[in-house]
Protein chains: 2
Amino acid sequence: MKIEEIIKSASMPLARKTVINIIYTANVLSEQSSDTLKQFGLTLPQFNVLRILRGQKGKPANLSTIQDRMVNKMSNTTRLVDKLIDKGLAVRVICQENRRKVEISITDKGLQLLSQIDAPMDRLNDQAVAQLSEEELNLFNDMLEKIRE
Amino acid sequence: MKIEEIIKSASMPLARKTVINIIYTANVLSEQSSDTLKQFGLTLPQFNVLRILRGQKGKPANLSTIQDRMVNKMSNTTRLVDKLIDKGLAVRVICQENRRKVEISITDKGLQLLSQIDAPMDRLNDQAVAQLSEEELNLFNDMLEKIRE
DNA sequence: TTTTTATTGTTGTATATACAAATGTTGTTT
DNA sequence: AAACAACATTTGTATATACAACAATAAAAA
C-alpha cells in the first residue's frame with residue numbers, strides 16, 4: 001500500500017513523502033524484529049549490543065566501543081548493558097590498565113541465546129526484501145547512503 | 001559513508017544490511033527533524049499529530065482517527081494530546097453525539113506555530129533527498145513499499 | 001607535586017512508550 | 001428492562017530514552 005494511503009494523507013511534496021516513508025518503514029521493520037525478539041526476552045537495542053559483543057570474538061568491549069557500533073545511538077548504554085548482565089548474557093569487569101574503562105563481554109549463555117535467534121531473524125530479513133533483486137537492493141542501499149549525506 | 005563502516009561491522013548478508021540501513025537512516029532523519037523541532041518546543045510525534053489536526057481543515061478529529069494517521073503508531077495518544085493541550089496548541093471537547101468519543105481540534109496558536117515550522121522542515125527534507133532525482137525518488141519510494149509488504 | 005583539563009562511565013530527572021487493565025458509554029440480546 | 005458485549009478513551013505500571021549533572025580516573029600543565 002502506498003504511504004499516502006497508509007497515513008491517509010493528501011498528496012505532499014516528494015521530499016517530505018520520502019522522509020515519512022523511510023521512517024514509517026523503519027518502524028514496521030523494527031516492530032517485526034521486536035516481535036520475534038520478544039519470545040527470547042530481548043529488545044531490539046539489547047539484541048544489537050549482544051551481536052556487537054559477539055563480533056568482538058572473545059575480546060571484551062568497553063562502553064564507547066559499543067556506542068560507536070550501535071545502530072541506535074542512545075544516551076544511556078550503561079543501563080542497557082545492566083539489563084544484559086541481569087539476564088546473565090554479559091559480564092562487566094573494570095579494566096585494570098585504565099580504571100575508568102569497563103570491559104564488557106558476552107557470556108556463554110549470551111552466545112547460546114544468539115545462536116537460537118540468528119535463524120529466525122535472518123529469515124525475517126530475507127522475507128522483508130524478498131521482492132527486490134540483489135541488483136535492486138544494492139541500488140537501494142546506495143540511495144540510502146546518499147540520503148544520509 | 002557505507003553502513004558497514006558506520007557501524008563498523010564485518011560484511012553481512014545483504015538482507016540484514018538493508019534492514020539495518022533503513023533503520024539507521026530513519027534514526028538519522030528523525031534526529032534531524034527533532035533538532036529542528038526542539039527550538040519550537042515540539043517532539044516529532046507531537047508535530048505529526050499537529051499536522052494531522054491541521055489536515056482536518058476545521059473538522060475535529062477523535063483519538064482513533066489520529067492514531068490511524070500517525071506515522072509512529074503509539075499506544076498512548078491520550079497523553080501525547082495532553083501535551084499539546086498543555087501548550088495551548090489543541091483543545092479537547094467531548095463529542096455530544098457519542099459521549100465515548102472526544103473531539104480534538106488545533107487552535108489558532110497551533111496553526112500559527114505550524115506555519116512557522118513548515119519552511120524549515122521542508123528545507124530539511126529537501127536537503128535530505130537533494131542527491132536523488134525525481135525519477136530516482138519515485139523508484140526509491142516504490143522499493144520501500146515492496147519492503148513493507 | 002599540585003592544579004587543571006580531558007576522558008570514561010554512572011546517576012538523577014523528566015518525558016516517552018508499550019502493554020494491560022480499568023472506566024464510562026453505547027448497542028445488542030434475552 | 002436487565003444483562004452482556006463492544007467501543008473509545010483513559011489510567012497504572014514497568015521499561016526505555018534523552019539530557020544534563022555528577023563522579024572517578026588519567027593525562028597534561030603550571
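Order of the sequence lines sets the chain letters (A, B, ...), proteins ahead of strands, with each chain counted from 1.
In this structure, the side chain to side chain donor-acceptor pair (under 3.5 Å) partners of Ser64(A), at least two apart in sequence or on a different chain, are Asn62(A). Contacts of Phe47(A) classified as ring-ring contact (aromatic ring centres under 6.0 Å, His included), with partners at least two apart in sequence or in another chain: none. Qualifying side chain to side chain donor-acceptor pair (under 3.5 Å) partners for Arg100(B), counting only residues two or more places apart in sequence or in other chains: Asn98(B). Shown here are the side-chain contact (heavy atoms from CB on, under 4.5 Å) partners of Glu97(A), two or more places apart in sequence or in another chain: Cys95(A).
Nucleotides of DNA chain C with any atom under 4.0 Å from a heavy atom of chain B span, from 5' to 3', dA16(C) to dT26(C).
Using a 4.0 Å cutoff on non-hydrogen atoms, the parts of residues 83-91 of chain B near DNA chain C are Lys83(B), ordered by number. In the region residues 32-59 of chain B, proximity to DNA chain C at under 4.0 angstrom, judged on heavy atoms, holds for Thr43(B), Pro45(B), Gln46(B).
Counting any heavy atom pair closer than 4.0 Å across all strands shown, Thr78(B) reaches a base atom.
Here ring pair (Phe, Tyr, Trp, His ring centres under 6.0 Å) pairs that include residues 125-149 of chain A, with residues two or more places apart or in two chains, are Phe140(A)-Phe140(B). Listed by first and then second residue, the salt bridge (Lys or Arg N to Asp or Glu O under 4.0 Å) pairs that reach into residues 10-32 of chain B are Asp122(A)-Arg16(B), Glu4(B)-Lys17(B), sequence neighbours excluded. For residues 42-70 of chain B, the pairs satisfying salt bridge (Lys or Arg N to Asp or Glu O under 4.0 Å) are Arg54(B)-Asp118(B), with sequence neighbours left out. Among residues at least two apart or in separate chains, salt bridge (Lys or Arg N to Asp or Glu O under 4.0 Å) pairs with a member in residues 140-149 of chain A are Asp142(A)-Lys2(B), Glu145(A)-Lys2(B).
Side-chain contact between Gln32(A) and Asp35(A): absent, with no pair of heavy atoms (C-beta onward) separated by less than 4.5 Å. A 4.5 Å side-chain heavy-atom check between Ile3(B) and Ile20(B) finds at least one atom pair inside the cut-off. The shortest distance between side-chain heavy atoms of Arg92(B) and Asp82(B) falls below 4.5 Å.
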Next on the checklist: What verdict does the side chain to side chain contact (heavy atoms under 4.5 Å, CB included) test give for Ile147(A) and Thr25(B), after you've listed the backbone C-alpha separation in whole Å, the side-chain angles of each residue and the deciding distance to 0.1 Å?
Outcome noted: CA-CA 8 Å; Ile147(A) 287 172; Thr25(B) 305; 4.2 Å; yes
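A donor-acceptor pair shorter than 3.5 Å can be found between the side chains of Thr18(B) and Asn141(A).
As a whole-Å value, the separation of Asp68(B) CG from dT9(D) P is 10 Å.
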Checklist outcome for this item: Scoring nucleotides 20-27 of chain D by protein non-hydrogen atoms under 4.0 Å (B base, S sugar-phosphate only, - none) yields ----BBS-
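For the pair Asn62(A) and Arg79(A), both in contact range of DNA chain C, the more 5′-proximal nearest nucleotide belongs to Asn62(A). Nearest-nucleotide assignment on DNA chain C puts the 5′-proximal partner with Leu63(A), out of Leu63(A) and Leu80(B).
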